[in-house]
Amino acid sequence: MNNSDIGKIMREIGELLEIKGEMIFKIRAYLKAAEILSTYPEDLAKLYEEKGIKGLTQIPGIGEGLAKKLEELFNNGKIGYFEDLKKELPEGLLELLSVQGVGPKKAKFFFEELGIKDLKGLEKAVKAGKLKDLKGMGEKTEENILKGIEYRKKGIERMRLGDALPVAEALIKELKAAGAKEALYAGSLRRGRETVGDIDILVTAKEHGKAIEAFTSFERVSRVLAKGGTKASILTKDGIQADLRVLSPDEFGAALNYFTGSKEHNVLLRELAIKKGLKLSEYGVFKGNKRIASKTEEEVYRALGLPYIEPELREGRGEIEAALNGKLPRLVEPGDIRGDLHMHTAASDGTGSIAELVSAAKKKSYEYIGITDHSASLKVARGLSPELLLKRIKEIEALNKNLNGIRVLCGSEVDIKPDGTLDYDDGLLSRLDYAIGSVHTSFGMKKDEMTKRVIRAFKSGKIKIFGHPTGRLLNEREPYEIDMNEVIAAAAGEGVSLELSASPYRLDLTDINCRAAKDKGAKVCIDTDSHAIGELENMKYGVMTARRGWLEKENVINCLPLKGLLRFLAR
DNA sequence: GCCGTTTTCGGCCCGACTGTTTTCAGTCG
């Protein structure tokens with residue numbers, strides 16, 4: 001049972017308690033625990049195994065009560081309290097909460113009045129017009145719930161960061177052209193989350209109405225969802241929802257802070273404000289009725305006695321405590337990246353040539369790049385035969401003699417075969433500058449087998465980077481089963497760095513894995529895995545994810561100058 | 001159910017909107 005499964009159970013308990021009408025603070029304790037546990041950097045089952053119930057209660061938000069429930073879960077595979085709740089209330093009611101406009105109160109009401117047990121039942125009742133006659137309900141409620149059901153059925157998933165950011169940037173450019181003074185995107189996009197629900201944009205403008213008018217009449221707008229005096233929502237032709245809020249300059253910082261979130265971070269900030277006898281809202285920090293900070297985010301944090309906290313850290317994962325203790329990390333920045341160590345050419349499944357990659361990398365002021373085409377057995381990607389790879393080594397040796405200011409390293413993305421051996425022999429691998437080991441086959445292996453497979457490859461001493469460690473493709477393919485905590489520990493021990501693939505489809509290591517890697521002393525390598533020249537630009541997404549994982553440049557091998565990098569690769 | 005440099009009891013985040021109401025509960029972000 002992994003952490004996110006555990007978090008899910010806690011959330012379901014919390015939601016069932018909500019429907020049941022339990023005490024709100026008890027509910028919050030479960031929901032908060034769900035959030036904390038599902039993103040906890042260490043494996044909870046292992047933590048319990050090693051440190052027992054004490055290990056669990058050390059986690060903030062987990063007291064004796066919840067720790068005992070977790071203990072029961074680890075020992076019996078289930079929690080009696082949860083099982084009892086499910087007997088009391090049908091589990092299907094949880095589905096209803098995901099419908100816009102239906103919360104716990106309505107879910108319970110529908111269950112008691114009409115015997116509705118799940119989404120299907122609700123849909124049937126709405127369509128039969130049974131809701132509007134209930135007390136407190138009306139035509140409008142029924143209409144909204146039907147819309148909510150249809151919206152949910154479309155299964156609109158969160159878009160990838162790499163799809164949202166360019167749209168947000170384009171909207172901001174257009175808003176500025178239309179007269180907006182300041183314009184920034186907020187929300188999970190600003191925090192650099194791997195997927196984003198919608199795009200939030202905040203602007204300051206002399207005439208609010210003008211900004212709203214411009215926003216709702218852009219070429220890319222397919223539908224205007226809402227349009228008022230200070231805010232508007234649109235749907236773009238790509239099906240992306242974007243919300244605009246127009247503000248006056250003196251409240252911009254507080255609003256930016258509020259709309260950047262996360263919700264958890266905001267709640268913690270407000271709790272801190274209360275402790276200090278202050279009040280925080282989207283309009284500013286208040287002492288009594290007097291507003292003492294609101295113009296900039298820095299000002300808001302300062303008023304709360306905190307240094308500025310970078311958006312990527314604002315997830316309620318210990319950043320406020322770190323800020324209070326002066327222990328915030330100095331996050332890695334795009335400018336710290338000195339090279340890209342994972343790229344493909346037309347020799348395997350890429351599209352460009354080495355020369356084109358070199359020239360693109362020079363424009364980015366990189367000190368080095370690594371060419372890493374696929375290995376022989378990966379036929380679908382036209383992997384290089386040993387002979388071709390030898391030829392490639394010589395080609396790059398010759399090339400380096402004529403290059404100034406940049407060094408091309410000859411690597412390979414070598415398949416880790418199902419038994420954990422590598423796809424080229426040791427002799428050939430030794431002639432490379434380095435090898436990335438990646439899993440491209442037999443994704444369906446059992447967790448312990450996959451973990452062993454990868455760790456065996458680490459122990460060969462022939463790979464320096466473990467490529468896209470979980471194999472996931474966002475919105476397309478689940479990660480394969482692998483014990484990342486064991487893998488991270490092994491990587492730290494064997495001197496293998498873990499790749500953070502900057503491809504917007506991958507972004508794994510995840511932010512949470514990055515943090516665990518940092519804690520355990522494993523190095524990370526942020527690569528684009530480019531298959532085309534333009535993909536070198538994806539590096540920024542990798543850096544955002546690394547920042548979410550609290551990484552500093554010292555944790556990232558491609559922030560090293562060439563000499564230091566070569567030392568790492570030679571170990 | 002959690003938590004404590006004002007508390008081991010008594011607190012626990014803030015504001016807006018909506019639809020249904022004559023003063024507010026429920027939902028959302």
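Bear in mind the structure is a predicted one, so any value in this text is a computation, not a measurement. Throughout, a chain's letter reflects where its sequence line sits, starting with A, and its residues are numbered from 1.
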So does A/T141 get a side-chain nitrogen or oxygen closer than 4.0 Å to the phosphate oxygens (OP1/OP2) of B/dT18? no
Let me spell it out: for each of A/L66 and A/G136, pick the nucleotide of DNA chain B with the closest heavy atom. Which residue's pick is nearer the 5' end? A/L66
Looking at every strand, decide which applies to A/K275 at a 4.0 Å heavy-atom threshold: base, sugar-phosphate, or nothing. nothing
A/K8 with A/D5: basic N within carboxylate O range, under 4.0 Å: no
Heavy atoms under 4.0 Å, any strand shown: does A/M137 hit a base, just sugar-phosphate, or nothing? sugar-phosphate
Rounded interatomic separation in angstrom, taking CD from A/E139 and P from B/dT20: 9 Å
Is any side-chain N or O of A/K69 closer than 4.0 Å to OP1 or OP2 of B/dG1? yes
Say you pick atom C1' in B/dC17 and the same atom in B/dC12; how far apart are they, in whole Å? 25 Å
Over 60° means perpendicular and under 30° means parallel, so classify the ring planes of A/F74 and A/Y48, tilted if in between. parallel
Can you check the A/K231 NZ to B/dG15 P distance for me, whole Å? 15 Å
Quote, to the nearest angstrom, the C1' distance that separates B/dT7 from B/dC3. 10 Å
Take A/R191 and A/E315 through the test salt bridge (Lys or Arg N to Asp or Glu O under 4.0 Å) and record every step on the way to the result. CA-CA 8 Å; A/R191 302 199 311 278; A/E315 294 290 341; 2.7 Å; yes
Give A/N266 one of three labels, base, sugar-phosphate or nothing, depending on what nucleic acid heavy atoms sit under 4.0 Å from its own. nothing
Have a look at A/I62 and say if it touches a base, only the backbone sugar-phosphate, or nothing, with a 4.0 Å heavy-atom cut-off. sugar-phosphate
For A/E143 and B/dG19, what is the distance between atoms CD and C1' respectively, to the nearest whole Å? 12 Å
If you look at every strand shown and take non-hydrogen atoms under 4.0 Å, does A/E264 touch a base, only sugar-phosphate, or nothing? nothing
Is the backbone N or O of A/L94 less than 3.5 Å from a side-chain atom of A/S98, with the two atoms forming a donor-acceptor pair by type? no
Could you tell me how far B/dT21 sits from B/dG26 if I compare only their C1' atoms? Round to whole Å. 13 Å
Between B/dG1 and B/dT5, how far apart are the C1' atoms? Round to whole Å, please. 24 Å
P spacing across the pair B/dT20 / B/dC28, given as an integer number of angstrom: 15 Å
Without decimals, in angstroms, what is the distance between A/K135 NZ and B/dT21 P? 8 Å
Give one of base, sugar-phosphate or nothing for A/L280, where a contact means two heavy atoms less than 4.0 Å apart. sugar-phosphate
Between A/I59 and A/Y283, whichever has its closest DNA chain B nucleotide further toward 5' is A/I59
Any ion pair linking A/R190 and A/D200 (charged N to carboxylate O, less than 4.0 Å)? no
Taking the basic N atoms (NZ, or NE/NH1/NH2) and the acidic carboxylate oxygens, is any pair closer than 4.0 Å for A/E91 and A/K117? no
With a non-hydrogen cut-off below 4.0 angstrom, is A/K32 in contact with a base, only sugar-phosphate, or nothing? nothing
Between B/dC2 (P) and A/L56 (CG): distance, integer Å: 12 Å
Look at all strands and tell whether A/I274 reaches a base, only sugar-phosphate, or nothing, counting heavy atoms closer than 4.0 Å. sugar-phosphate
How far, in whole Å, is B/dT8 from B/dC14 if one measures between their P atoms? 23 Å
So, is A/N144 close to the B/dT18 phosphate, meaning a side-chain N or O under 4.0 Å from OP1 or OP2? no
When you measure from the side chain of A/A29, which nucleotide among B/dC2, B/dT20, B/dC12 comes out closest? B/dC2
Kindly say if A/K279 contacts the phosphate of B/dG15, meaning a side-chain N or O under 4.0 Å from OP1 or OP2. yes
Answer yes if the side chains of A/N2 and A/S4 hold a donor-acceptor pair under 3.5 Å, and no otherwise. yes
Nearest whole Å is fine: how far is B/dT20 C1' from A/D133 CG? 15 Å
Using a strict cut-off of less than 4.0 Å between a Lys/Arg side-chain nitrogen and an Asp/Glu carboxylate oxygen, indicate whether A/K20 and A/E88 qualify as a salt bridge. yes
Summarise protein proximity over nucleotides 23-29 of chain B in one line of letters, 5' to 3': B for base, S for sugar-phosphate only, - for none, counting protein heavy atoms closer than 4.0 Å. ---SSSB
Would you mind reading off the distance between A/L272 atom CG and B/dG4 atom C1', rounded to a whole angstrom? 15 Å
Pairing partner of B/dT8 (Watson-Crick or G-U wobble, both distances under 3.5 Å): none
Spacing between A/E271 atom CD and B/dG4 atom P, to the nearest angstrom: 11 Å
May I ask you to check if A/K69 and A/Y81 form a cation-pi contact, with NZ or CZ under 6.0 angstrom from the six-membered ring centre and within 45° of the axis? yes
